[in-house]
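The block underneath contains the structure these notes are about, expressed in structure tokens.
A note on names: the letters A, B, ... follow the listed sequences, proteins ahead of strands, and every chain is numbered from 1. Computed over heavy atoms, backbone and side chain alike; hydrogens, waters and symmetry mates excluded.
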Amino acid sequence: MKLATWNVNSLKVRLPQVIEWLKMNQPDILCLQETKLTDENFPEQEIAAIGYHSVFVGQKTYNGVAIISKQKGADVLVALPDFLDEQKRVVAATYGDMRIINVYVPNGETVESEKYSYKLKWLPALNRWVKSELKNYSKMALLGDFNIAPEDRDVYDPEIWLGKVLCTLPERDAFNNLLNVGLIDSFRLFEQPDKSYTWWDYRMMAFRLNRGLRIDHILLSDALASTCVKCSIDKAVRKQERPSDHAPLVVELSNY
DNA sequence: ATGGTAGAGGATCTA
């Protein structure tokens, strides 16, 4: 069983790459963020044509999330249950006995920004919901673009990023609070290459210089973490023509 | 020189 997450930065632009990636990698689950599509424009037929189901929620221009899966999803949810939010950032569904939660956490812009305080309110709401979901599902995965680099080793230059959005202490505390409710950062279950990142700014030749951050994550409940045999970043995707600024992150689970 | 690039949409906003 293979689960993956990928911020595609416009599914309209990236659809050929997504189709190609699905054919090549055959994941059971692919979580997408920043689809930037309203639901009527979601390319459900193109994805169905290669044997995949979709659940999605989106809006014009910004945000938007989707779960692409081999199996049809059940108990679909498209928003945080106790947080009023016009922005489409959450989709969850159940596949067999596995609960999949896909999130596009607010970016926050700068610490002075109202978007930052929105982010710091959004994260506890996610935490409350994840906590309640864990009571119902022992096999749970929380995947997505968290817009948080958990530790300094997840940042190409921690000095430059000290106190900046994606790296501030309140954001890192919020991330650790997700681990504290019973989730495990699958990436750190294994030895990984130094300077492993999932996002590189389009500007300043950041990718070529490997100036990146690890802000996309796959968090697993104990029952899933104990079956996890691999977690890796598909960096080759970021080298393609007209890429997303994020690379896919993939986990493999055994016993399925 | 507060820069640079990408996406959406059609002037800026977001990242």
Please give, in whole Å, the distance from [N] [atom2] to [X] [atom1]?
{"X": "A/Lys60", "N": "B/dA8", "atom1": "NZ", "atom2": "P", "result": "13 Å"}
{"X": "A/Lys164", "N": "B/dT2", "atom1": "NZ", "atom2": "C1'", "result": "12 Å"}
{"X": "A/Lys119", "N": "B/dT14", "atom1": "NZ", "atom2": "C1'", "result": "13 Å"}
{"X": "A/Lys12", "N": "B/dG7", "atom1": "NZ", "atom2": "C1'", "result": "10 Å"}
{"X": "A/Glu114", "N": "B/dA15", "atom1": "CD", "atom2": "C1'", "result": "18 Å"}
{"X": "A/His246", "N": "B/dT14", "atom1": "NE2", "atom2": "P", "result": "17 Å"}
{"X": "A/Arg14", "N": "B/dG7", "atom1": "CZ", "atom2": "C1'", "result": "8 Å"}
{"X": "A/Tyr202", "N": "B/dA6", "atom1": "OH", "atom2": "P", "result": "8 Å"}

Listed nucleotide nearest any side-chain atom of A/Met204, set B/dA8, B/dA15, B/dG4: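 My answer, after comparing the listed nucleotides, is B/dG4.
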Nucleotide of B/dT5, B/dG7, B/dT14 approaching A/Arg203 most closely (side-chain heavy atoms):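 Between B/dT5, B/dG7, B/dT14, the one nearest the side chain of A/Arg203 would be B/dT5.
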Same-atom distance ([atom1]) from [N] to [M], integer angstrom:
{"N": "B/dT2", "M": "B/dA11", "atom1": "P", "value": "24 Å"}
{"N": "B/dT5", "M": "B/dG10", "atom1": "P", "value": "24 Å"}
{"N": "B/dA15", "M": "B/dG4", "atom1": "C1'", "value": "13 Å"}
{"N": "B/dG3", "M": "B/dA8", "atom1": "C1'", "value": "23 Å"}
{"N": "B/dA6", "M": "B/dA1", "atom1": "C1'", "value": "23 Å"}

Between A/Arg214 and A/Tyr197, is NZ or CZ placed under 6.0 angstrom from the six-membered ring centre and within 45° of the ring axis?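 The answer is no; the distance or angle limit is not met.
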Partner of A/Gln33 under side-chain hydrogen bond (donor to acceptor under 3.5 Å, both in side chains), chosen from A/Asn147, A/Asn63, A/Thr5: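 Testing each of A/Asn147, A/Asn63, A/Thr5 against A/Gln33, the sole residue satisfying side-chain hydrogen bond (donor to acceptor under 3.5 Å, both in side chains) is A/Thr5.
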Specify whether A/Trp161 and A/Trp199 have parallel, tilted or perpendicular ring planes, treating 30° as the upper limit for parallel and 60° as the lower limit for perpendicular.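 The rings of A/Trp161 and A/Trp199 stand perpendicular, inter-plane angle above 60°.
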How do A/Glu34 and A/Asp201 order along DNA chain B: which one's closest nucleotide is nearer the 5' end?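 Nearer the 5' end of the strand: A/Asp201.
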If each of A/Tyr104 and A/Ser10 is mapped to the nucleotide of DNA chain B with the nearest heavy atom, which maps nearer the 5' terminus, i.e. the 5' end?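 Residue closer to the 5' terminus by nearest nucleotide: A/Ser10.
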A/Arg242 side chain N/O closer than 4.0 Å to the phosphate oxygens (OP1, OP2) of B/dG7?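 The answer is yes; a side-chain N or O of A/Arg242 sits under 4.0 Å from OP1 or OP2.
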Crowded around A/Glu86 CD? As in, over 12 foreign heavy atoms under 6.0 Å?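 Counting neighbours around CD of A/Glu86, 12 or fewer heavy atoms of other residues, nucleotides or ligands fall under 6.0 Å, so no.
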If you define the side chain from C-beta out and look only at heavy atoms, does anything of A/Phe190 sit under 4.5 Å from A/Cys228?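 Counting from C-beta outward, A/Phe190 and A/Cys228 do come under 4.5 Å.
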